[in-house]
Number of protein chains: 2
Amino acid sequence: MRKTSIKDIAAKANVSIATVSYVLNGTRNVRSDTRERVVAAIEELNYKPNAIAKSLKLNRTNTIGVIAEDVTVFNTPDIIDGINDFGDRNDLHILLVNLRLDKRIGRNFSNTEDYRKYAANAVAELLSNQVDGIIYIGVHPRDLTGLIDTEGKPIVYTYSYTQDDISIQYNDEQAAYQAMSYLVNQGHSRIAVISGLMDSIPSRLRLNGYYKAVTEYQLPFDPLLIKMGDWERESGYRLTSELLALPEPPTAILSMNDVMVVGILQAAEEKGFKIPDDLSVVGFDNREFSDYLRPRITTMGLPLHEMGYQAIEVLFNLIKGTKMDSLTMPECRLIERDSVATLKNAVRQK
Amino acid sequence: MRKTSIKDIAAKANVSIATVSYVLNGTRNVRSDTRERVVAAIEELNYKPNAIAKSLKLNRTNTIGVIAEDVTVFNTPDIIDGINDFGDRNDLHILLVNLRLDKRIGRNFSNTEDYRKYAANAVAELLSNQVDGIIYIGVHPRDLTGLIDTEGKPIVYTYSYTQDDISIQYNDEQAAYQAMSYLVNQGHSRIAVISGLMDSIPSRLRLNGYYKAVTEYQLPFDPLLIKMGDWERESGYRLTSELLALPEPPTAILSMNDVMVVGILQAAEEKGFKIPDDLSVVGFDNREFSDYLRPRITTMGLPLHEMGYQAIEVLFNLIKGTKMDSLTMPECRLIERDSVATLKNAVRQK
DNA sequence: CTGTTAGCGCCTTCAT
DNA sequence: ATGAAGGCGCTAACAG
């Protein structure tokens, strides 16, 4: 049996299909007794509107295409969650394409040609399905200019960006600065930093935040405390070993991700430094495991949910053509746990 | 300007729209020169078929609705990844609905009324969008009979089940048995188990696997070695403390999740037991953090990707109405790391 | 081998 | 306040 359509309920209620459409959408006034007949018929036949037909007619699907470079990478689920949060409130559906880049090409994204094909296919699929707009979620912040062509369909990038489109990023510099401020407030002044790879934008921005804090708080500046890591735990281990071998080791380390903190912990243990008593550590990312390490790691949490929420909010306004007040960049949040000691000379600021 | 449609390219190629449709879908033979004219027109006008219109006509969207109870819970991204894997190969699109249960109602799912409304809305949204079938991804294996009504639309559950529908589950009993076998092969015989909550199906099934191993390997059976935990790390800590205070403590513990292992580690350290030298541990779930703990934790990895893949594969066949050979239950895989010691009396089996 | 045409389910202008 | 009818873009008889 065919699914019941507007026509069936029109017949049942003894009205035209137009009238049914009117009561369905409240597009026009309908005399209350006719409306009731219609509603009754809808009820009785358990009628559900066909969104596909509606989309075809209106040339608008209320569907947002989401291209995720890899849903299994730690940042992505929370961004999607933020997208869903806004989507729920605004009757927007999510068509998800997962590029699965981590499985298909690994972690090296330097050559865009390796995945241009996947990205192009994703866009084609989404456009063919007439999504009203697209959100692109990267696995690592980087410039994707020219990767895809959405043929005029609105697109918003997050955790990545292009020179031509809107993108939602969090404030890396502020985050590093905030972490440093926290450390300073706890009485630290000799603070080392272990960066990520220096070809990464976040590494550079966070280093800016570090320098800013060093300058503003007038911390003793020592180039020996600045180490270039590569995001992996081994570099955390190696660089911390160097740091702790210094004549005057730092009292705290700011690590640009939580993974390297695992190496820091190991190096500290081997050198006989207890954390946080002999060495304080602040990580980045608030990865799930940072709460399970011993000690539990204090870290800068990424505003992932907020980024997703803001991305779709901006996209939604782009689609409707409404102007938005310039919005504020999502900020990281300090997750205070047990890896930072308060030094006795600490100046408790508000 | 309107998007270019089949009509435009028909005009350009001097053929009827039917012919265009035929070359587009290869539905019928078309003389090669006419085909070329059509292809050229398609190329020139950069024509992209409108999947919405096609769906309306064919009453088939090639879209699968995925209801995730919470995409931010650790098991979900990999299941979705498996769904995408199969979806990519079979030209199936994914309409994702995220119930966000973890944020909305927390971890207590005992009262289905708390989230029936969300689930019903999700189904309505999906049905309205004419998905060809539905996959429901739970956050914890449990009986969801009667939660939703898909009005005859095919549905497959995973990480949850109902009494009426197909569901994809992994083999819990086999997993626990395999973990035990591994421990036995490493020379352990006095093996404790810390279970999850006993109202949980996985807890009971894994306990079956434990008993099966105890019986088959003729291990000394000691009820004192069987502890009921609650999945949280504190219970791992507390129960391990009890275990290690025994006159004859176990040489190994099988923990039914990785979170409790964190507690086990802490208790062992406090009691002066080194892992794995004095106490071996096997966890469950292969949570990301299990690789970052010290020592790195040997654990049973869940076949999440495979579950997602199998779920959509089964659903796809359900939709097409084709019979499938009875498929094998996905199995967990031992992730061998550094938390298990090989005892000197170990009988190395193949 | 190709064209004509009737819808799929819905919205909306135009008429009454 | 309601109805008739055209058409969104596409597929698949049916006809030639």
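Chain letters run A, B, ... following the sequence lines, proteins first, then strands; residues in each count from 1.
The local environment of CZ in B:R107 is sparse, with at most 12 non-hydrogen atoms from other residues, nucleotides or ligands closer than 6.0 Å. Residue-environment remark: CD (B:E113) exceeds the threshold of 12 foreign heavy atoms within 6.0 Å. Few gaps surround CG on A:N25; more than 12 heavy atoms of other groups in view lie less than 6.0 Å from it. Residue-environment remark: NZ (A:K323) stays at or below the threshold of 12 foreign heavy atoms within 6.0 Å.
Straight-line distance from the CD1 atom of B:I17 to the P atom of D:dA13: 15 Å, rounded to whole Å. Atom NZ of A:K48 and atom C1' of C:dC10 are 17 Å apart (whole Å). What separates CG of B:N59 from P of C:dA6 is a distance of 21 Å, to the nearest Å. The NZ-C1' distance, from A:K3 to C:dG7, rounds to 18 Å in whole Å. The distance between atom CD1 of B:I6 and atom P of C:dT4, rounded to the nearest whole Å, is 14 Å. Atoms CG (A:L56) and C1' (C:dT12) sit 14 Å apart, rounded to a whole Å. Rounded to a whole Å, the CD1 atom of B:I9 is 13 Å from the C1' atom of D:dG9.
Every residue was checked against the ring pair (Phe, Tyr, Trp, His ring centres under 6.0 Å) condition with B:Y47, not counting sequence neighbours, and none meets it.
Taking only side-chain nitrogens and oxygens, A:K57 never comes nearer than 4.0 Å to OP1 or OP2 of C:dG9. Residue A:Y47 places at least one side-chain N or O closer than 4.0 Å to OP1 or OP2 of C:dC10. A:S5 has no side-chain polar atom (N or O) that falls below the 4.0 Å cut-off from OP1 or OP2 of C:dG9. For D:dC8, the OP1/OP2 oxygens have a side-chain nitrogen or oxygen of B:K7 closer than 4.0 Å. Listed pair B:S21 / D:dT11 meets the phosphate criterion, a side-chain N or O lying under 4.0 Å from OP1 or OP2. OP1 and OP2 of C:dT2 both lie 4.0 Å or more from every side-chain N or O belonging to B:T19. The side chain of A:K54 contributes no N or O atom lying less than 4.0 Å from OP1 or OP2 of C:dG9. Taking only side-chain nitrogens and oxygens, A:S16 never comes nearer than 4.0 Å to OP1 or OP2 of D:dT2.
Paired with A:H305 under the rule side-chain hydrogen bond (donor to acceptor under 3.5 Å, both in side chains), one option of A:D81, A:N84, A:D78 passes, and it is A:D81.
Ring pair A:F86/A:F316 is perpendicular by interplanar angle, where above 60° counts as perpendicular and below 30° as parallel. The aromatic rings of A:Y115 and A:F109 sit perpendicular, their planes meeting at an angle over 60°, well past the 30° parallel limit.
Among the atoms of the strands shown, none is found under 4.0 Å from any heavy atom of A:I52. Using a 4.0 Å heavy-atom criterion, one finds that A:N50 contacts the sugar-phosphate atoms exclusively. The residue A:V20 sits apart from the nucleic acid: no heavy atom pair falls under 4.0 Å.
Judged by closest nucleotide on DNA chain C, B:Y22 is the one of B:Y22 and B:L58 placed further toward the 5' end. Comparing A:A53 and B:A18 against DNA chain D, the residue whose closest nucleotide sits nearer the 5' end is A:A53.
Of the residues in residues 24-45 of chain A, those placing a heavy atom less than 4.0 Å from an atom of DNA chain C are A:N25, A:R28, in numerical order.
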